[in-house]
Amino acid sequence: MTRECEPIAPAALDELKSLLGPGGYLDAPADIEPFVVDHRRRYRGDAPLVALPDSTAAVSALLRRCAALGVGVVPHGGNTGYCGAATPRPGGREIVVSLRRMGRIRAVEPAGNSITVEAGCILQEVQAAAEAADRLFPMSLGSGGSCTIGGNLSTNAGGTAVLRYGMMRDLVLGLEVVLPDGRVLDQLRALRKDNTGYDLRHLFIGAEGSLGIITAACLKLFPRPRGHATAFVALDDPAAAVRLLDRLRAGLGDTVTTFELVPRIALDLACRHVPGCSDPFGAPAPWYVLLEVSLPAAAAGLGDALEARLAAGLETSELRDAVIAASLAQREALWRLRESIPAAQTREGASLKHDISIETHALPAFVEAGRSLLERLVPGSRLVAYGHLGDGNLHFNLSGPAGGDDAAFLARGAELRRAVHDLVASYRGSFSAEHGIGQDKVAELERYEDPVALDLMRGIKRLLDPQGIMNPGKVLRGLEEAR
Ligand code: 2HG
Ligand code: ZN
């Protein structure tokens, strides 16, 4: 049962401030503002304080005190999430905790292929540190310049290299986590094998700060690719894209790193709204794929191998057209087309997002079923279904009818979401493939999750956070009995 709570008492706030010390917090409204609204401005909350601890010990002391005071805690990374997990709720009942002062790279071990970093590190800084040691940290996200490792871990981030390297969960060797009672779970090791009981790391990865605060992680590094071949391919439909993926993987195996589906409308929107984007082909096609193959060894022949396979596809008319980037600038231009899609869709006007996954072989049928469902519900609406086809994950986004009434379209968001997610459920897919639950999809989790799984999740939450102080109302709700 959820109980309405009072804002945090002034005496409790004073206690927290003196614990954090000068420079250890923000309390001026203008300084707090960026922490209480999400980057898409869909969620807004209140917090009287942003804590800025600078060590694991400081996080531990803070959570111990928050538990004693019954103060809610909202962990906050780079604020690039899609589901409002890092935004406090309205009412001033929670403080925000930012680890931006914990941005140290603690160790790089090229021989062991690992890197140990604090949770406040920016993803790009970790990539750069890996590169300086002639290694690759493969997590690849459009928000790499501002998202943090703590946020990547807490949301189990995905991105455009999952096909080859997996999601954030797959890139973790060890974790350090501060529990809601202040205890520190120290599993910060680079062991590749460790079968000693339950694997607790995975409870915290993807928990969106609802079970504790990840303070540091030991991550996997990989050999740095020496060569890439990047292609943009035009084709008739998603089924042709799935066939191409099968063929490429059969021939080129794990070198296939990225396989992203792009519909014509997304290409049009990118070219219309984002400077520097242009159609690489003379004639339009209904669908495209951005694909990349990469090899750790000197890659002479990699481009030829890809070209031969694409040429075979052109001969059998499986593909309509294909370009292979001949320079770094061309490679960047092709990537730009893909990475500009979210911004371009935003600039086009009102849109609704659905981050779904289905087994890849069933995606083509799903796309057609979803398209006709949405067309029936909102004639003229524009499906912008793009993304990580290689992982079975599409951003099944919908833009309102061109020149239509944005407010009227958005007012139907809940109904359309329900229709899309019910369709996803009928395919035994996921309504949140890579963006998490946050505050946006709590009801969806309750509706679609297996009741046994939900029951276990609630039990784990109660065990680790009996007072319900960690990110209240996110992922699961109604577990704040003690507060
Ligand atoms: C992407 O793949 C991101 O570009 C954003 O996950 C997806 O804006 C979206 O819907
Ligand atoms: Zn995505």
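If you're wondering where the values come from, they're calculated on a predicted model, not measured in any experiment. Start at 1 and go down the list; that is how both ligands and their atoms are numbered. Throughout, residue positions are numbered sequentially from 1 according to the sequence presented.
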Quiz item: If you draw a 6.0 Å radius around CZ in Arg192, do more than 12 non-hydrogen atoms from other residues or ligands fall strictly inside?
Solution: yes
- prompt: Can you find a side-chain donor-acceptor pair between Asp38 and Tyr82 that sits under 3.5 Å?
  reply: no
Checklist entry - Taking atom types as modelled and ignoring hydrogens, do the side chains of Glu260 and Thr160 form a donor-acceptor contact shorter than 3.5 angstrom? => result no
Closest to atom 6 (O) of ligand 1 among protein heavy atoms sits His435 NE2, 2.8 Å
- Is the distance from the Zn ion (ligand 2) to the nearest N/O/S atom of Asp355 under 2.8 Å? no
protein heavy-atom neighbour closest to atom 2 (O) of ligand 1 works out as Arg338 NH2, 2.7 Å
For atom 8 (O) of ligand 1, the closest protein heavy atom turns out to be Lys353 NZ, 2.6 Å
Ranked by distance from atom 5 (C) of ligand 1, the top protein heavy atom is Tyr82 OH, 3.1 Å
protein heavy-atom neighbour closest to atom 9 (C) of ligand 1 works out as Tyr386 OH, 3.1 Å
Q.
For Glu176, is there any backbone N or O sitting under 3.5 Å from a side-chain donor or acceptor partner on Thr215?
A. yes
In short, Gly103 meets Glu118 closest at the heavy-atom pair N-OE1, 3.4 Å
Taking only non-hydrogen atoms of Glu434 and a 4.0 Å limit, the atoms of ligand 1 in range are 2 (O), 6 (O)
Is a side-chain N or O of Gln187 found less than 3.5 angstrom from the main chain of Asp199, in a donor-acceptor match?
-> no
Any heavy atom of Thr160 under 4.0 Å from ligand 1? The part involved is neither
Within the 4.0 Å heavy-atom cut-off, what His388 brings close to ligand 1 is side chain
So the atoms of ligand 1 within less than 4.0 Å of a heavy atom of Asn397 turn out to be 9 (C), 10 (O)
Among the N/O/S atoms of Glu434, the Zn ion (ligand 2) lies closest to OE2
Short version for Arg40: what comes under 4.0 Å of ligand 1, heavy atoms counted, is neither
TODO: Report yes if some heavy atom in the side chain of Asp279 is under 4.5 Å from a heavy atom in the side chain of Tyr288; otherwise report no.
DONE: yes
Metal proximity, His388 vs the Zn ion (ligand 2), N/O/S cut-off 2.8 Å: yes
**Message:** Looking only at side-chain N and O atoms, does Glu434 offer a donor or acceptor that is under 3.5 Å from a partner on His388?
**Reply:** yes
Would you please say whether a donor-acceptor pair under 3.5 Å links the side chains of His354 and Arg417? no
